[in-house]
Protein chains: 2
Amino acid sequence: MKTSLKDIAEELRLSKTTVSWVLSGRGNERGISQATQDRVKQCARRMNYQPNLLARSLNTGVSSTIGLILPSISDSFYSQVAREVEMEAERHGYSLMICSSESEGERENRMIRMFRAKQVDGIILAPTKISKTEIRQLVDDAFPLVVFDRYFSELKTHYIIIDNEQSSYRLVSHLIERGARRIAIVTTNPHLTTMDQRRAGYARALTEAGLPVDPDLYGEAAFVGYEENVFRALDRIFAKAPDVDGFFFTTHILALEAFRYFHGRRIDINDGYGLACIHEVPAMSVLAPAMNVARMPVGEIGRNAVRMLLGDIRNRGGLSRSADREFESLVLPCELCFRD
Amino acid sequence: MKTSLKDIAEELRLSKTTVSWVLSGRGNERGISQATQDRVKQCARRMNYQPNLLARSLNTGVSSTIGLILPSISDSFYSQVAREVEMEAERHGYSLMICSSESEGERENRMIRMFRAKQVDGIILAPTKISKTEIRQLVDDAFPLVVFDRYFSELKTHYIIIDNEQSSYRLVSHLIERGARRIAIVTTNPHLTTMDQRRAGYARALTEAGLPVDPDLYGEAAFVGYEENVFRALDRIFAKAPDVDGFFFTTHILALEAFRYFHGRRIDINDGYGLACIHEVPAMSVLAPAMNVARMPVGEIGRNAVRMLLGDIRNRGGLSRSADREFESLVLPCELCFRD
DNA sequence: CTGAAAGCGCTTACAG
DNA sequence: CTGAAAGCGCTTACAG
């Protein structure tokens, strides 16, 4: 049998109150005699007492748990963020429930409801942006929430994103400096602000350099079945713009898939092409030593998300749903690595 | 304010009992009039009622939550398993708490205690094998537990591993068939059974083919700081055995690091070397099209872990700590992809 | 210095 | 057909 406070109290012929004070470390504060404290602690150890945190949470209204919802746990970017969030949360005494929305709006809604029902103290979320009914509900209820990677301009939330436009701009500008004139962009889901901003940065770099933004150099690969889509997009680019001399990939996944394409088509990408990509994976430095990358600040994202969320959690009830709540928006710069 | 059963009961001048029956879907079973049921459901919707699952769990002793402890969430193998576990758990109405032990024994112990305190119904664990005090406690308490990736021969638990010896044997045998005679092994943490078995498979393949197991062809890279360690190990192999004509990497991480080495040393690994590796990452097929790989059955691992665990959870109390409990040990085969 | 009691929000025998 | 009551395992005013 599991031992409870009551068991210890009965064993020692004390009240649950006393046992509770001692075990929660507030024995001195309550002026409980050292002798009693020792007896209680020893008995707890002997009976291998472990507090039931569910009961504590039900009583205090605090679960010391935060919920993290990711579009995909197995994606390297999100799993790195998850790691940072977990470490930082643990440092503050919080543990983590993790769910994957699989980029499905309805799943995301379900996860949010589930987390609330399980009484998490707050939620960190990389939204799918497909359906936001439950997110809106969180906002309305002033539920502690931090959104990252993507955000909603029309919703009042804390959010953390990277400087998509600026990083893209600088990467592409670098390619231009290095002599590229016909730079293709390979991107995905353009309806996401993230991707839209990256495309905008690409366009600005070209325009500022007096280069045209040529639709023939635009490659789009829908996320579902992106393997073939990347191939198709690249085939189209090479057909319509055989003079292409640079590639800007808006995600690491697209870049990796492109490498497979180049390899299959026997194109030596490391010769005569300017290359740039958002987010880095270990293999990249071998696959394309000359690839210029914008490194996602996963540590900053994770740590800041937890910091913001805990700030909100502490303030709960205080400001609560007042309209003049302060929302922090963080636009983190990527670290740019120029390699060619 | 959050609405509770009591709020609905008062609003409708019913008892909490009635409301509870209706909302838990057992209204008909309890013979509650349709009219009342409708009123309750409508009221719940109107007041945006969400049950407090903590309270339910405290009452029923079931949290419908399972804990997953991984050596590292951001490693592609573990994060893929996490994804499978989450999907399968969700299918059965369970949610997931995830922690990373960072391969530290004490951290692992802390995580286990925390999960128990938070009343998870069971734990799935890829152990660090460093300190196992809490794991032993789980076993003693007949706490639902499934161990994967590594296991303890001296501990009675369910476990899931892959056929490390056999897969390694077949990979290396394949290299031999293809003509390699001086095959090096690059491995890590030899005290882990996993790695030991892989080394054993390598040795058996050589021995059966009448080839010597040459210490000069043995490369070991400790996990901490493995970047430099891999480099050092490979330098040593090339120095002592310049006639090396094949490489067997016991993990994808080692292989990726080795590619960086080869690239730095300007060695064309795709020419004249037999290559094999356990676990596959997307980049590999581009980096080394001729790499033979054993694919980890992440789906099988995840699904079976959940299945075994749920079996245990259902039986709790029944067999409980009886010594004649049945333990399932699953040795899953890897899918072998021969590419050269 | 210690304890009796109420309460967190549910579920579930038991009673009528 | 519906309800009063006890209990899950804690915490915490309040009292003495």
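Below, chain A is the first sequence line, B the second, and so on; all start at residue 1.
Scored by the ring pair (Phe, Tyr, Trp, His ring centres under 6.0 Å) test, A:Y159 finds A:Y151 as partners (sequence neighbours excluded). With sequence neighbours excluded, no residue satisfies side chain to side chain donor-acceptor pair (under 3.5 Å) with B:R13. For A:L96, the side-chain contact (heavy atoms from CB on, under 4.5 Å) partners are A:I66, A:L68, A:V85, A:E86, A:I98, not counting sequence neighbours. With sequence neighbours left out, the side chain to side chain donor-acceptor pair (under 3.5 Å) criterion links A:R45 to no other residue. Among residues two or more places apart in sequence or in another chain, the side chain to side chain donor-acceptor pair (under 3.5 Å) test is passed with A:T17 by none. A search for ring pair (Phe, Tyr, Trp, His ring centres under 6.0 Å) contacts involving A:F77 returns A:H279, not counting sequence neighbours. With sequence neighbours left out, the side chain to side chain donor-acceptor pair (under 3.5 Å) criterion links A:R113 to A:E134.
A heavy atom lying under 4.0 Å from DNA chain C marks none of the residues of residues 35-47 of chain B.
Distance NZ (A:K6) to P (C:dA4): 13 Å, rounded to an integer number of Å. To the nearest angstrom, C1' of D:dC8 lies 15 Å from CG of B:L53. Going from atom CG of A:L5 over to atom P of D:dC8 covers 13 Å, rounded to whole Å. Rounded to an integer number of Å, the gap from A:Q50 CD to D:dC10 C1' is 15 Å. In this structure, the CG atom of A:N52 is 18 Å from the P atom of C:dC8, given to the nearest Å. The interatomic distance linking A:Q119 (CD) with D:dG9 (P) rounds to 19 Å, in whole Å. In this structure, the CD atom of A:E10 is 14 Å from the C1' atom of C:dG3, given to the nearest Å.
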Q. Based on Watson-Crick and G-U pairs with both distances under 3.5 Å, what dot-bracket line describes DNA chain D 5' to 3', crossing pairs as [ ] and inter-strand pairs as |?
A. |||.||||||||.|||
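A sub-4.0 Å separation between OP1 or OP2 of C:dC8 and a side-chain N or O of B:S4 is absent. For B:T18, a side-chain nitrogen or oxygen approaches OP1 or OP2 of D:dG3 to under 4.0 Å.
Nearest nucleotide to the side chain of A:R56, out of C:dC1, D:dT2, D:dC10: D:dC10. Each of C:dC8, D:dT11, D:dC8 was ranked by its minimum atom distance to the side chain of A:L58; first place goes to C:dC8.
Residue pairs satisfying the salt bridge (Lys or Arg N to Asp or Glu O under 4.0 Å) criterion with at least one member in residues 47-72 of chain A, sequence neighbours excluded, are absent. Sorted by first and then second residue, the ring pair (Phe, Tyr, Trp, His ring centres under 6.0 Å) pairs involving residues 30-76 of chain A (not counting sequence neighbours) form an empty list.
Side chains of B:Q137 and B:D141: a donor on one and an acceptor on the other come within 3.5 Å.
Counting any heavy atom pair closer than 4.0 Å across all strands shown, A:L54 reaches no nucleic acid atom.
A salt bridge links B:E102 with A:R83; the closest basic N to acidic carboxylate O contact falls under 4.0 Å.
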N/O-N/O pairs, protein side and nucleotides 12-16 of chain D side, under 3.5 Å:
residue, atom, partner, partner atom, Å
D:dT12, OP2, A:R26, NH2, 2.4
D:dT12, O4, A:T17, OG1, 3.3
D:dC14, N4, A:R30, NH2, 3.2

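Closest approach of B:S101 and B:I69 over heavy atoms only: CB-CG2, 4.0 Å.
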